[in-house]
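Take a look at the structure below.
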Protein chains: 2
Amino acid sequence: MNKPARKSRSGARRSVTIKDVARYAGVSPMTVSRVVNGGQYVSDATRQTVMQAVRQLGYSPNLAARNLASARGERMGLLYGNPSASYLSEFLVGALDAATRHGVQLVLEKCEMTPAASRRAVRRLVAGGVVGVVLPPPLCESAVIRAELQAARMRIVAVAAARPPADVMCVSIDDFAAAREMTRYLLALGHTRLGFIKGHPNQTASEERWRGFTAAVQEHGNLPAPRVEQGFFTFRSGLDAARKLLSGEPLPSAIFASNDDMAAAVMAEAHRRALEVPNDLTVVGFDDSLIAANIWPGLTTIHQPIAQMAGEAVDMLVASVRGGKRGALAEPVHRLVAHELVTRESAARPKSTTA
Amino acid sequence: MNKPARKSRSGARRSVTIKDVARYAGVSPMTVSRVVNGGQYVSDATRQTVMQAVRQLGYSPNLAARNLASARGERMGLLYGNPSASYLSEFLVGALDAATRHGVQLVLEKCEMTPAASRRAVRRLVAGGVVGVVLPPPLCESAVIRAELQAARMRIVAVAAARPPADVMCVSIDDFAAAREMTRYLLALGHTRLGFIKGHPNQTASEERWRGFTAAVQEHGNLPAPRVEQGFFTFRSGLDAARKLLSGEPLPSAIFASNDDMAAAVMAEAHRRALEVPNDLTVVGFDDSLIAANIWPGLTTIHQPIAQMAGEAVDMLVASVRGGKRGALAEPVHRLVAHELVTRESAARPKSTTA
DNA sequence: CCCTAGATTGGTATCGCTACCATCCCCCCC
DNA sequence: GGGGGGGATGGTAGCGATACCAATCTAGGG
């Protein structure tokens with residue numbers, strides 16, 4: 001029964017392992033592991049030595065092994081429906097980045113908003129061994145999907161749901177405050193005849209934005225009643241709303257659309273009517289989506305740190321899953337992140353202030 | 001020396017493993033493994049039995065274990081710079097999907113196009129244990145990055161580089177054919193006074209598109225010389241080009257911009273000059289990026305199956321890395337995928353054909 | 001000065017799966 | 001009818017890391 005020196009399976013040169021580092025540093029693999037994972041109970045001297053060895057050898061832990069040993073490496077789902085879609089890009093970047101950081105795998109799943117499709121998507125997720133799901137808008141608002149997911153005992157983090165149910169985790173901006181801030185900005189510019197295009201009624205963010213708008217209007221007081229149209233977050237719906245807003249008299253001097261796509265539509269319609277933006281009409285949006293900087297004039301809008309939000313969502317998911325394993329499942333968190341008013345060229349003082 | 005029955009580490013109920021399936025199906029774990037991995041040397045009967053068991057138990061292989069055992073689970077990098085950015089979204093979806101399919105990890109890295117930044121990004125990638133990199137445009141054209149990457153012995157797949165160097169793998173559409181097709185379409189509509197906005201000169205796709213355009217013009221023959229302006233794929237540059245194209249006499253009846261952002265700029269400028277699209281001016285783009293469907297009128301353009309391309313890029317990377325391990329590194333492939341001309345509202349017959 | 005608590009470190013046993021090899025068996029051919 | 005060839009299957013040994021526990025050492029309290 002002779003023991004072969006080392007049955008290296010694939011002839012290829014193995015990468016440096018924790019044992020190599022341990023040998024090099026003159027400690028046990030365990031100690032290296034502790035250092036690498038920032039564990040406690042390691043003396044400073046040892047830590048230094050080990051870190052030195054790590055650097056020297058260019059050691060990078062094997063994710064697969066680590067995941068296997070620590071029963072980590074869970075799969076997280078990202079169920080995306082049909083987000084404003086420029087949204088998705090940033091969202092994915094942020095989510096993927098966080099996933100890499102935590103060493104979890106991110107599984108994408110597309111899903112239409114019909115009950116049947118939701119069910120199918122959730123089933124695929126479950127089959128894929130996913131233990132938690134990030135829900136970007138607009139899926140985060142779908143009660144059906146949430147129910148399906150909860151039935152499958154998945155943890156959920158909704159992103160950008162302005163008023164999530166109490167029992168799901170959520171990360172979002174303060175839509176109310178943001179819309180109020182934008183409206184205050186318009187008022188500060190001197191606008192008095194305001195137009196507002198509401199967002200899709202099935203999203204709670206829409207209502208928050210609307211509430212923020214009216215709050216600012218009311219606190220200013222002494223304004224003609226704003227003209228309001230219903231929109232649905234699509235370019236098309238924005239166009240319809242814009243036509244209505246721009247046909248009556250008196251024309252609004254500033255229009256606040258509940259997202260950028262609709263704001264872009266307002267600008268298109270304004271141009272068609274030979275109204276110059278921002279000289280004849282101020283247009284502002286919400287989201288700071290891709291289109292905002294890619295039209296002319298650039299759109300003044302509210303920026304959401306989408307990537308950051310997606311990242312935090314994944315963080316929360318991981319924390320929940322790992323924490324939950326140890327029994328300590330904290331109550332659902334609702335994390336607010338900071339938004340930012342981005343000024344570009346589409347907003348200016350009104351041409352002739354009647355005030 | 002008593003053997004504890006099963007020292008289950010985390011008290012949590014373990015998920016079903018290959019052994020469970022094996023026991024359930026009455027075969028050895030190896031056989032299950034072979035079935036699950038579609039290996040040969042399994043009788044149909046056994047295969048059926050095992051698959052049945054898999055379904056019954058809801059077995060899903062543990063990725064970490066699989067990767068660890070098979071020395072798989074490599075990390076692939078995705079180095080993105082500043083792509084048309086609506087691009088990125090679809091690209092990520094496709095790439096991530098393929099990565100999940102292959103069980104490899106996708107690591108994102110952002111990188112400006114300066115040499116210093118490139119070097120840093122590549123170093124981070126190397127440090128992260130990445131063995132191959134997908135290069136979406138415009139990074140795929142950067143010689144610096146390619147050199148850095150090749151110096152680090154990374155495998156590279158460039159996406160959408162129209163004429164990649166012979167030694168890197170590539171997946172792209174046939175920009176030449178696509179541009180020619182679009183131009184033929186314009187000519188078929190009856191346009192004779194054409195305008196063309198070239199793409200950024202540092203991207204090979206630009207030249208291919210330009211070549212496709214001229215090829216169609218020449219094969220048609222008997223046309224006034226098209227007006228041509230240089231663009232740089234940005235909205236801004238498109239605006240400049242549009243101003244020039246729309247100021248001389250005679251006005252072009254159709255403008256073909258080398259990407260959608262520039263086409264959108266042409267439309268914006270046309271509107272400003274009270275030219276109606278498509279009645280007074282036909283505008284077409286290239287890429288079918290997000291903006292194409294989100295402006296009015298919708299942009300007729302060339303659709304690239306971006307997600308598919310990204311997916312194939314990852315496939316190629318994986319194949320190369322895994323194949324390369326077995327020594328059989330095939331020569332760099334250049335894979336062409338099909339494009340599609342998408343007609344929306346921005347193109348129509350010219351108002352008065354002078355022909 | 002002994003004893004306990006806590007800090008630090010090492011050893012061992014897996015984690016779930018697959019590579020590699022040994023084995024068994026069936027069938028064909030000389 | 002025996003020897004091969006190859007299909008089908010099982011056994012064994014890790015892959016590289018961490019969890020858990022034991023062992024050692026240091027420092028105070030009684």
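Reminder, nothing fancy here: chain letters follow the sequence lines and each chain counts from 1.
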**Message:** Could you tell me if B:Gln105 and B:Asn67 have a donor-acceptor pair between their side chains, going purely by distance under 3.5 Å?
**Reply:**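 B:Asn67 vs B:Gln105: no donor-acceptor pair found between side chains.
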Would you kindly give the [atom1]-to-[atom2] distance between [X] and [N], to the nearest whole Å?
| X | N | atom1 | atom2 | result |
| --- | --- | --- | --- | --- |
| A:Arg34 | C:dG10 | CZ | P | 8 Å |
| A:Glu74 | C:dG16 | CD | C1' | 15 Å |
| B:Lys19 | D:dG10 | NZ | C1' | 14 Å |
| B:Gln40 | D:dG7 | CD | P | 8 Å |
| B:Met30 | C:dA22 | CE | C1' | 13 Å |
| A:Leu68 | C:dT14 | CG | C1' | 9 Å |
| B:Ile18 | D:dG14 | CD1 | P | 19 Å |
| A:Asp44 | C:dA7 | CG | C1' | 13 Å |

Look at [X] and [N] and indicate whether a side-chain polar atom (N or O) is within less than 4.0 Å of OP1 or OP2.
| X | N | answer |
| --- | --- | --- |
| A:Ser70 | D:dA17 | no |
| B:Ser33 | C:dC17 | no |
| B:Thr17 | C:dC15 | no |
| B:Ser43 | D:dT9 | yes |

Under 3.5 Å, side chain of [X] to main-chain N/O of [Y], donor-acceptor pair present?
| X | Y | answer |
| --- | --- | --- |
| A:Ser33 | A:Pro29 | no |
| A:Thr49 | A:Ala45 | yes |
| A:Arg155 | A:Ser320 | yes |
| B:Arg34 | B:Gln40 | no |

**Request:** Select one nucleotide: of D:dG10, C:dG10, D:dA8, the one nearest the side-chain heavy atoms of B:Tyr41.
**Result:**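 Of D:dG10, C:dG10, D:dA8, D:dA8 is nearest to the side chain of B:Tyr41.
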**Request:** Of all the heavy-atom pairs spanning A:Val130 and A:Met154, show the shortest one and how long it is.
**Result:** O-CE, 3.2 Å
**Request:** Looking only at non-hydrogen atoms, find the nearest pair between B:Ile18 and B:Tyr59 and report the distance.
**Result:** N-CE1, 3.5 Å
**Message:** Does anything in residues 45-67 of chain B come within less than 4.0 Å of DNA chain C? Heavy atoms only, and list the residues if so.
**Reply:**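 Heavy-atom cutoff 4.0 Å gives B:Tyr59, B:Pro61, B:Asn62, B:Ala65, B:Arg66.
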**Asked** Among pairs that include at least one residue of residues 308-320 of chain B, which meet salt bridge (Lys or Arg N to Asp or Glu O under 4.0 Å), considering only residues two or more places apart or in two chains?
**Response**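 The answer is B:Arg101-B:Asp315, B:Glu312-B:Arg335.
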**Message:** When the axes are fitted on five pairs at both termini, how much does the helix from C:dC1-D:dG30 to C:dC30-D:dG1 curve, in 10° steps?
**Reply:**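 End-to-end axis angle: 50°.
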**Message:** Please report the interatomic distance CG(B:Asp97) to NE2(B:His102), rounded to the nearest 0.5 Å.
**Reply:** 9.5 Å
